[in-house]
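Lettering of chains follows the sequences in order, A, B, ..., and the numbering in each one begins at 1.
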Number of protein chains: 2
Amino acid sequence: MFYEGKAQRGLDMKDITNLAWFAHVVEHGSFSAAARTLRVPKSTLSRRIADLEEELGVRLLNRTTRKLYLTDVGREFLVHCQTVVAAAEAAEQVTHFVQEKPRGKVRISSPYAISQSLLVSIMPGFLKRYPDVQIDLVMTNKPVNLIEEQVDIALRVRPTIEDSSLIARDLVPSASALFTSPEFLQTHGVPEHPLDLSDWPSLSMHYSSGRYQWSFTAQHGESITMNYQPRLITDDLWVLREAAAEHQGVVSLPVYLCREYIDQGRLVRVLPSWRLPVGKLHMVYPYRRGLLPAVRVLIDYLVECMPSAAGVAGLATDSDA
Amino acid sequence: MFYEGKAQRGLDMKDITNLAWFAHVVEHGSFSAAARTLRVPKSTLSRRIADLEEELGVRLLNRTTRKLYLTDVGREFLVHCQTVVAAAEAAEQVTHFVQEKPRGKVRISSPYAISQSLLVSIMPGFLKRYPDVQIDLVMTNKPVNLIEEQVDIALRVRPTIEDSSLIARDLVPSASALFTSPEFLQTHGVPEHPLDLSDWPSLSMHYSSGRYQWSFTAQHGESITMNYQPRLITDDLWVLREAAAEHQGVVSLPVYLCREYIDQGRLVRVLPSWRLPVGKLHMVYPYRRGLLPAVRVLIDYLVECMPSAAGVAGLATDSDA
DNA sequence: AATTACTGTTCCATATTTGGAACAATATTG
DNA sequence: CAATATTGTTCCAAATATGGAACAGTAATT
């Protein structure tokens with residue numbers, strides 16, 4: 001005879017905790033003693049064990065007012081109850097373990113450029129300070145969904161910090177500017193105004209919106225937004241930089257990435273009196289009361305070290321560009 | 001740093017069932033699916049898992065409206081939760097096993113004489129009919145405390161069935177009478193009235209009350225109780241019978257035990273017109289809604305077979321004695 | 001023998017938990 | 001692209017479990 005509803009051997013028991021309590025009662029030799037160590041009223045204990053027996057249809061303990069006697073079934077039953085307790089303790093232990101000190105894996109996502117410039121210089125110090133933490137670095141320029149990608153922390157560069165259900169921590173400003181090669185300027189002339197660039201070949205990162213535009217602001221406050229059609233689109237900023245240096249067109253890049261090329265005379269800044277929006281490098285992570293120590297210390301470490309690391313790299317400064 | 005109160009690594013968890021429910025949620029891939037198979041509202045499931053996470057201070061699952069993602073901790077945690085479920089199922093299985101059909105051990109206590117005469121003739125048939133049942137036969141003439149002696153069924157012979165918290169099932173009447181040897185009567189004369197026995201040597205079973213008395217009833221209704229001081233006290237009825245046959249005195253014995261000796265002329269009945277109280281052979285067992293099949297079938301078997309077995313042994317008949 | 005201390009169970013006003021409906025968010029379908 | 005279906009979470013009246021006190025029974029002590 002088959003019962004469809006019971007095919008996957010479901011547990012009839014209403015409350016598995018009763019098994020643990022039963023084991024405690026047996027191990028302490030009495031309801032009262034068990035109740036004291038469990039810090040549960042003995043009336044509750046008595047009722048729950050009685051309920052359990054009724055539920056199972058079997059007597060587990062025979063009781064005198066002074067002594068308990070395990071039935072044969074109770075004795076066999078007990079072994080499995082003790083396994084339940086041990087497994088529950090092991091489960092709890094897992095959670096204690098990762099909360100005791102920073103340990104375990106932290107997944108952090110970051111745009112390519114940030115990863116390759118800032119993070120690589122910061123990470124070694126972190127990994128040395130927290131030897132039990134593993135970092136899983138996901139590099140992508142696409143906006144990541146923290147939950148779906150199972151990412152603990154995401155680094156982002158945006159003109160403004162969007163509010164969402166995530167916690168955002170500001171790190172450092174990240175200035176961008178238009179660059180091209182000196183030779184390119186010799187060919188096309190030096191632009192005085194954004195509109196002078198309207199027909200110039202351009203390069204860009206990929207934007208999934210499909211809208212390619214520069215938003216300029218003059219020092220005296222005037223601002224203008226112009227669309228452009230890039231001839232080369234790639235998320236690899238190193239490629240963009242190289243292409244610009246090889247006279248392929250104008251490109252918007254983080255200032256700090258171009259400092260070396262400028263010193264070498266391979267790139268020059270275009271329209272230096274017009275500013276592009278200064279992006280904010282920040283990180284986001286889901287709010288959780290129980291943020292794991294490993295994640296917490298990485299957050300703290302980034303907040304602590306990012307400004308100086310960015311300073312060394314000249315992230316925010318565009319004074320001499 | 002030590003916490004006295006936590007020395008015996010108590011479980012912080014309030015409800016172990018949550019571990020099983022967490023495992024179900026993961027295994028079914030969603031709260032809704034798990035709620036359906038567990039037949040629990042999803043609101044309850046959602047709240048309980050959230051409570052569990054709060055209790056542990058750790059995130060186990062990251063949730064989208066459409067998909068669940070185990071955290072690293074959750075993944076390790078899960079293994080132990082599955083162990084909890086398996087152990088709980090095993091525990092439950094133990095109780096199902098003994099309820100499925102008659103199996104396991106049954107402890108029955110019985111007075112020596114009953115054991116040696118009636119039970120030995122009944123047991124083989126029972127053991128054959130129920131091959132998975134083991135019988136643990138405790139022979140004693142002392143009154144047993146069913147719980148302390150861990151006895152499932154006790155056979156007793158008493159003048160009347162005492163009421164107690166136990167269930168009593170009447171089996172057969174068990175008549176006793178006074179016996180002695182023909183030679184003894186020749187020496188002491190044939191008594192006509194109980195008082196004629198006042199100085200006669202007597203034999204008896206042990207009574208822990210210390211009160212040794214015979215209660216006679218005449219056929220016409222007269223009754224008399226007389227005390228006596230036994231010269232031999234033993235619980236071994238075979239010894240008493242032998243002692244009486246060897247002219248040591250008068251003894252009260254179950255009629256059926258003496259039939260053979262009477263036929264052989266080794267014993268005769270004393271005061272045949274006076275009756276001793278007819279004892280009731282009955283059994284007692286604790287009331288339990290969930291009496292195990294093994295115990296139940298032994299009870300039923302005794303009720304079924306005892307009368308005929310007693311008939312063969314002539315337990316109740318004293319017509320020819 | 002009487003007293004004391006402790007057992008497991010029962011009782012019932014109180015505190016907690018439950019679960020159906022409403023909700024916000026996301027896939028799937030028409 | 002709107003409509004539908006299904007997800008996990010929240011809310012709060014209603015159902016349930018709790019736990020201190022009273023109880024009945026037993027062992028040790030006086």
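By the 30° and 60° cut-offs, the orientation of the rings of A:Tyr228 relative to A:Tyr212 is perpendicular.
Of the residues B:Leu137, B:Leu119, B:Val144, the one that meets the side chain to side chain contact (heavy atoms under 4.5 Å, CB included) test with B:Leu155 is B:Leu119. For the side chain to side chain contact (heavy atoms under 4.5 Å, CB included) with A:Val84, the lone residue among B:Thr83, B:Val84, B:Val85 that qualifies is B:Val84.
One interatomic measurement links the two molecules: CD1 of B:Ile147 to C1' of D:dG25, which rounds to 12 Å at whole-angstrom precision. Rounding to whole angstrom units, CD of residue A:Glu55 and P of D:dA17 are separated by 11 Å. Rounding to whole angstrom units, CZ of residue A:Arg63 and C1' of D:dA24 are separated by 16 Å. As a whole-Å value, the separation of A:His28 NE2 from C:dC6 P is 17 Å. Distance CD (B:Glu54) to P (D:dT9): 13 Å, rounded to an integer number of Å. Between the CG atom of B:Asn145 and the C1' atom of D:dG25 there is a distance of 13 Å, rounded to whole Å. Across the protein-nucleic acid pair, B:Leu45 atom CG and D:dT7 atom C1' stand 13 Å apart, rounded to whole Å. Atom CZ of A:Phe31 is separated from atom P of D:dG19 by 16 Å (rounded to the nearest Å).
Between its opening and closing five pairs, the helix from C:dA1-D:dT30 to C:dG30-D:dC1 changes axis direction by 30°, a value rounded to 10 degrees.
Put simply, CD1 on A:Ile153 and CE on A:Met283 are 6.0 Å apart, with the number rounded to the nearest 0.5 Å. Put simply, CG on B:Leu291 and CD on B:Gln99 are 10.5 Å apart, with the number rounded to the nearest 0.5 Å.
With a 6.0 Å cutoff to the six-membered ring centre and a 45° limit on the axis angle, B:Arg103 counts as a cation-pi contact of B:Phe97.
With respect to the salt-bridge test (charged N to carboxylate O, under 4.0 angstrom), the residues B:Lys14 and B:Asp51 do not qualify.
Residue A:Ser32 places at least one side-chain N or O closer than 4.0 Å to OP1 or OP2 of C:dT7.
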Intermediate values then yes/no, side-chain contact (heavy atoms from CB on, under 4.5 Å), B:Phe22 and B:Leu60 | CA-CA 9 Å; B:Phe22 167 70; B:Leu60 300 171; 3.7 Å; yes

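Counting heavy atoms from C-beta outward, B:Phe77 and B:Val58 have side chains that stay 4.5 Å or more apart.
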Classify every nucleotide of nucleotides 16-30 of chain C by which part a protein heavy atom approaches to under 4.0 Å, writing B for the base, S for the sugar-phosphate alone and - for neither, in 5'-to-3' order.
-> -SBBB----BSS---

